[in-house]
Amino acid sequence: MASEYTPSEMMAAVAARELGNGEVVFVGIGLPNLACNLARALQAPDLVLIYESGAVGAVPERLPVSIGDPSLVTGSLMICSMADVFQLFLQNGKIEVGFLGGAQVDRYGNINTTVIGGYEKPKVRLPGSGGAAEIAVHAQRVLIISRLNPRAFPAELDFLTSPGQRCKGKTRQELGMPGAGPVKVITDKGILESDPESGEMVLTALYPGVTLEDVKANVGWPLQSRAELGAVAPPTGEELRLLREVLDPRKLFLG
Amino acid sequence: MASEYTPSEMMAAVAARELGNGEVVFVGIGLPNLACNLARALQAPDLVLIYESGAVGAVPERLPVSIGDPSLVTGSLMICSMADVFQLFLQNGKIEVGFLGGAQVDRYGNINTTVIGGYEKPKVRLPGSGGAAEIAVHAQRVLIISRLNPRAFPAELDFLTSPGQRCKGKTRQELGMPGAGPVKVITDKGILESDPESGEMVLTALYPGVTLEDVKANVGWPLQSRAELGAVAPPTGEELRLLREVLDPRKLFLG
Amino acid sequence: MHSKVVSMQEAVAAHVRDGDTVVIEGFTHLICFAAGHEIIRQRRRDLTIARLTPDLIYDQMIAAGCARKLVFSWAGNPGAGSLHAFRRAVEKGTPKLEIEEYSHFGMVARMSAGAAGLPFWTMRNYMGTDLPVANPRIRTVTCPYTGEVLATVPALNPDVTVIHAQRADQYGNAQVWGLLGVQKEAAFASKRVIVVVEELVDESVIRADPNRTLIPGMIVDAVVVEPWGCHPSYAQGYYDRDNDFYVAWEDISRDPAKLQEYLEQWVYGVKDRAEYLARQPDLKARLTAKDQYCEGVNYGF
Amino acid sequence: MHSKVVSMQEAVAAHVRDGDTVVIEGFTHLICFAAGHEIIRQRRRDLTIARLTPDLIYDQMIAAGCARKLVFSWAGNPGAGSLHAFRRAVEKGTPKLEIEEYSHFGMVARMSAGAAGLPFWTMRNYMGTDLPVANPRIRTVTCPYTGEVLATVPALNPDVTVIHAQRADQYGNAQVWGLLGVQKEAAFASKRVIVVVEELVDESVIRADPNRTLIPGMIVDAVVVEPWGCHPSYAQGYYDRDNDFYVAWEDISRDPAKLQEYLEQWVYGVKDRAEYLARQPDLKARLTAKDQYCEGVNYGF
């Protein structure tokens with residue numbers, strides 16, 4: 001299928017639209033960073049970008065390739081220690097939106113970024129939690145960004161790194177987690193949202209040209225979907241221009 | 001008795017002689033501050049002065065009248081938060097010497113700076129602990145500076161603010177206190193030292209012209225004393241010159 | 001984003017309410033007397049006032065009848081004497097004042113817990129002392145690794161905290177140098193934050209040196225521009241501490257009539273801090289700081 | 001007081017011993033590759049190496065056989081791929097490597113506890129996850145006020161910590177700006193501290209701006225002057241991160257032979273950092289930081 005935009009561009013645009021002006025966002029590298037800076041250039045000029053490295057109110061003048069890029073420091077509002085980032089900002093409830101991704105996402109939005117296979121002798125050793133476990137606990141809401149495929153959306157995780165809406169049968173409230181957890185999963189084919197009753201991630205919107213079967217074939221559990229699926233507008237010309245010409249001209253993250 | 005120096009000058013000089021070059025001292029205002037700056041001008045030029053206000057390596061160019069004087073900031077080596085002072089420096093065992101004083105000192109070097117009379121409706125409400133309780137717990141050794149009189153050295157404290165060598169029958173080790181506690185009490189008549197066996201403050205040296213009876217009459221418990229009492233040299237000309245001309249020319253603390 | 005700059009009168013009217021737990025922090029340095037005076041002028045009542053060192057400003061608030069309760073760790077007039085309004089309240093019950101007492105480390109720990117979003121903080125402290133007897137909120141916890149019993153204090157989460165800073169932008173991003181006390185922790189622990197500054201600066205000044213920022217605007221509700229707002233406390237690089245006034249307080253506060261006269265003249269009797277300053281034209285000549293600038297550093301890459 | 005300035009060779013020889021727990025901290029910023037290379041050159045063995053993000057330097061130390069155990073919270077090559085020496089060790093056991101794993105907050109908390117002289121630190125974290133299953137050192141404690149069950153981690157107290165700073169005096173009073181990571185906590189938690197700097201400055205430079213000091217000399221054992229000692233990591237205001245090398249590492253580390261060749265050429269094959277730099281004369285033109293100085297502030301009174 002020939003398209004005027006890539007799945008990554010669509011995901012970045014959809015994620016950016018989730019951000020309200022003035023919100024405080026814990027930013028990850030890659031698509032979340034692009035989404036945040038896209039939102040900042042459009043509807044959310046006062047978005048406050050916080051990076052776990054300690055940069056608060058960053059205004060990167062180049063695309064940061066790491067979460068500790070020097071461009072996140074120069075011109076930011078505040079630099080603080082990582083103890084402050086995790087205690088005074090995150091655990092203290094000041095972060096409104098957190099972005100997470102991962103090698104595996106289950107039906108409750110639990111995420112595995114630790115191992116494929118067993119923990120002791122894994123088939124693939126992934127990087128591990130980083131700040132993901134505590135972002136999943138504390139951010140007021142979490143947005144997951146991940147491309148759909150059956151291995152990435154399995155029925156069972158190999159390891160639960162970051163908690164979603166239900167962990168081993170328990171709700172977030174029962175487990176004492178302050179944040180609302182993952183409320184949306186932004187994929188390359190559509191959007192899943194957590195069902196307030198069951199905690200399951202339910203398909204609520206399809207991207208242009210994608211069918212329900214396309215999505216279901218890429219999810220490892222019997223995916224529920226809303227009776228009426230929403231439509232999602234493709235990236236606008238302005239969104240694409242900003243992504244391509246300003247934010248990631250070298251296509252580091254926009255495949 | 002006419003004298004060429006005041007009791008305060010003697011106490012400051014004696015306290016200063018306790019400090020070794022390069023030691024890290026938690027400094028209080030008044031005589032301890034004078035003693036530390038006198039030591040810095042003589043045998044201990046590399047003494048590191050730390051104030052609970054967060055000034056590390058202070059070099060006050062005027063006599064600070066409070067522990068948060070701006071002269072402690074200008075030209076110091078480091079300014080840190082009070083959380084850092086109490087956690088990274090004091091509780092972490094980095095303070096070698098702490099100075100304490102108080103309205104009441106008992107035979108074990110326990111100190112009361114809280115109330116005279118009952119706690120609920122005291123006859124005299126004193127300022128309270130400030131940092132004294134934790135200095136008494138954590139400084140590697142504590143020097144107490146206090147003028148002798150029966151009310152200041154009673155048999156029983158009205159309130160135990162800062163722990164000494166025995167608290168309610170328990171040793172520091174039994175109570176889990178890392179520092180050695182008060183090892184000396186520098187008074188206006190002589191020096192008391194803690195006995196390693198009993199934990200009691202025992203008279204070990206008399207100042208020139210003072211008799212054993214003078215001291216005993218001013219202590220509210222049956223004071224033990226060493227068989228051989230040491231002599232203490234009076235302030236030298238240089239000590240007096242520094243105290244009077246450089247450190248406290250307005251006699252704020254040297255009565 | 002809209003500016004948060006308001007007058008002190010507006011900030012106190014909007015954010016300090018009867019019955020609140022109020023913190024005006026600053027350890028010797030940057031104690032915002034201007035905010036305390038405005039709270040007295042607006043006749044707030046039943047406040048729980050908390051800070052490490054009540055200092056003269058809480059002594060004045062106690063004398064003015066604003067406080068129901070004091071939470072503190074050292075209540076004196078350093079180098080000069082007593083806080084006599086505080087002492088009369090505790091020793092004689094006039095006015096009635098509840099107290100809750102810690103050591104400095106204990107108060108720092110309470111604010112650290114509040115700022116970290118935790119219900120308590122752990123210390124190695126208080127063994128053998130009467131402090132936990134006098135204050136049953138000092139408790140213990142057992143280390144899950146070593147079995148050691150350690151002291152705890154509960155989080156302090158004020159309703160409103162006032163932080164005085166050398167400078168901030170209109171959104172409340174505030175920079176402080178010199179002694180930092182426990183201001184950052186107090187601000188992050190608080191439900192509402194008022195930042196008072198010597199100078200309002202452009203956001204670009206803040207962004208030029210982000211390592212100096214102590215309080216981010218995102219936790220700030222109001223910004224008040226109040227030069228000399230700390231007097232008789234001080235602001236490093238702006239003006240020195242008025243040690244003469246601290247000494248004078250010993251006499252003023254010892255006599256309840258003199259203290260009321262002080263409040264009439266210098267708090268109730270002036271409209272705001274500008275008028276307070278206008279009546280003391282000698283302050284600037286006597287206390288303005290000398291210049292001792294450091295060099296800047298390179299933030300480039 | 002005598003100067004603590006020594007060469008990197010001397011600092012590592014004196015302070016890093018076989019079997020030690022070693023921390024080279026710095027979150028992306030100020031990672032001291034020069035120290036890691038010298039540890040490899042001196043063929044230290046059986047080290048427990050700990051840091052939040054092992055980064056390329058620990059991948060090299062693992063490949064060189066220095067490490068018995070890795071303590072960490074995120075082991076990747078940010079934006080570029082994997083740490084393949086680490087992955088081979090964990091996935092295939094070549095070389096054998098024990099791991100102990102936390103989240104970032106967990107590692108920060110471990111260092112905070114170590115720095116505060118406490119045996120553990122408390123967090124609200126890990127509920128519902130497999131992390132405490134994989135690592136039984138993640139435990140819980142019950143709040144003595146609310147009854148809430150909270151997560152704990154044990155203190156980390158390294159034998160030796162290496163901190164890279166922009167500048168220090170000869171006694172080790174070190175100043176840092178830009179990202180601060182967990183360096184202060186790591187240094188205070190450590191039995192011995194090596195400070196490595198871009199520039200040695202006079203004590204008066206430190207004293208002119210004491211709020212910038214991150215590490216006081218009193219906890220420092222050795223000072224090493226090593227300009228460009230962080231490359232391919234960076235030093236704000238001095239040189240940029242060598243992102244090209246981070247990308248190249250994906251290929252180098254994927255192939256054990258290539259990785260050994262890299263170590264032969266750039267670690268064993270050079271005497272010291274000066275020689276490492278001399279062989280890459282293009283670095284300075286490519287990565288030297290542009291000037292973007294902030295203004296100084298007034299410390300007068």
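First the proteins, then the strands, lettered A, B, ... as listed; each starts at 1.
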Checklist entry - Which atom pair, heavy atoms only, marks the closest approach of Ala189(C) to Ala115(C)? => result CB-N, 3.5 Å

Checklist entry - Which atoms form the tightest heavy-atom contact between Tyr171(C) and Lys4(C), and what is the distance? => result O-NZ, 3.1 Å

Checklist entry - Can you say whether Met1(C) sits under 4.5 Å from chain A via the side chain, the backbone, both, or neither, judging by heavy atoms? => result both

Checklist outcome for this item: Residue pairs passing the salt bridge (Lys or Arg N to Asp or Glu O under 4.0 Å) test with at least one member in residues 159-186 of chain C, sequence neighbours excluded, are Asp84(A)-Lys184(C), Asp159(C)-Lys191(C)

Checklist entry - Among residues 5-23 of chain C, which residues come closer than 4.5 Å to chain A, judged by heavy atom distances? => result none

Next on the checklist: Checking side-chain polar atoms at under 3.5 Å, does Tyr299(C) have a donor or acceptor matched by the opposite partner on Asn211(C)?
Outcome noted: yes

Checklist entry - With no hydrogens and no angle check, do the side chains of Thr53(C) and Arg51(C) hold a donor and an acceptor under 3.5 Å apart? => result yes

Checklist entry - chain C heavy atoms under 4.5 Å from Val73(A): which part of the residue, side chain, backbone, both or neither? => result both

Checklist entry - Minimum heavy-atom separation for Leu19(A) to Ala44(A), with atom names? => result O-CB, 4.1 Å

Item to check | Non-hydrogen side-chain atoms of Leu160(A) and Thr114(A) separated by less than 4.5 Å | outcome: no

Item to check | Proximity breakdown for Glu96(A) and chain C, heavy-atom pairs closer than 4.5 Å | outcome: neither

Next on the checklist: Could you check whether Arg141(A) pairs with Glu18(A) (Lys NZ or Arg NE/NH1/NH2 to Asp/Glu carboxylate O, under 4.0 Å)?
Outcome noted: no

Checklist entry - Is the closest side-chain heavy-atom distance between Arg125(A) and Tyr119(A) below 4.5 Å? => result yes

Checklist entry - Which one, Val56(A), Ile79(A), Leu77(A), leads in non-hydrogen pairs under 4.5 Å with chain C? => result Leu77(A)

Checklist outcome for this item: Within residues 138-155 of chain C, contacts to chain A at heavy-atom distances under 4.5 Å involve none

Checklist entry - When only pairs under 4.5 Å are counted, which of Ala55(A), Gly22(A), Ser71(A) shares the most heavy-atom pairs with chain C? => result Ser71(A)

Checklist entry - How about residues 167-177 of chain A versus chain C: which residues have heavy atoms under 4.5 Å apart? => result none

Checklist entry - Is the side chain of Gln175(C) donor-acceptor paired with the backbone N or O of Ile206(C) at a distance under 3.5 Å, no angle test? => result yes

Item to check | Working for side chain to side chain donor-acceptor pair (under 3.5 Å), residues His2(C) and Gln170(C) | outcome: CA-CA 8 Å; His2(C) 63 280; Gln170(C) 59 181 330; over 6 Å; no

Checklist entry - Given the options Ala116(C), Ser204(C), Gly117(C), Ser112(C), which has more heavy-atom pairs under 4.5 Å with chain A than any of the others? => result Ala116(C)

Checklist entry - Checking Asp221(C) side chain against Val193(C) main chain: does a donor-acceptor pair fall under 3.5 Å? => result yes

Checklist entry - Taking it one step at a time, do Glu239(A) and Leu42(A) satisfy side chain to side chain contact (heavy atoms under 4.5 Å, CB included)? => result CA-CA 8 Å; Glu239(A) 284 169 343; Leu42(A) 295 169; 3.8 Å; yes

Next on the checklist: Can you confirm whether Glu295(C) is buried at CD, in the sense that more than 12 heavy atoms of other residues, nucleotides or ligands lie under 6.0 Å from that atom?
Outcome noted: no

Checklist entry - Just wondering, do Glu198(C) and Tyr239(C) contact through their side chains at under 4.5 Å, heavy atoms? => result yes

Item to check | Check: Ile24(C) and Ile49(C) side chains under 4.5 Å, non-hydrogen atoms | outcome: no

Next on the checklist: Please classify the contact of Ile219(C) with chain A as side chain, backbone, both or neither, using a heavy-atom distance under 4.5 Å.
Outcome noted: side chain

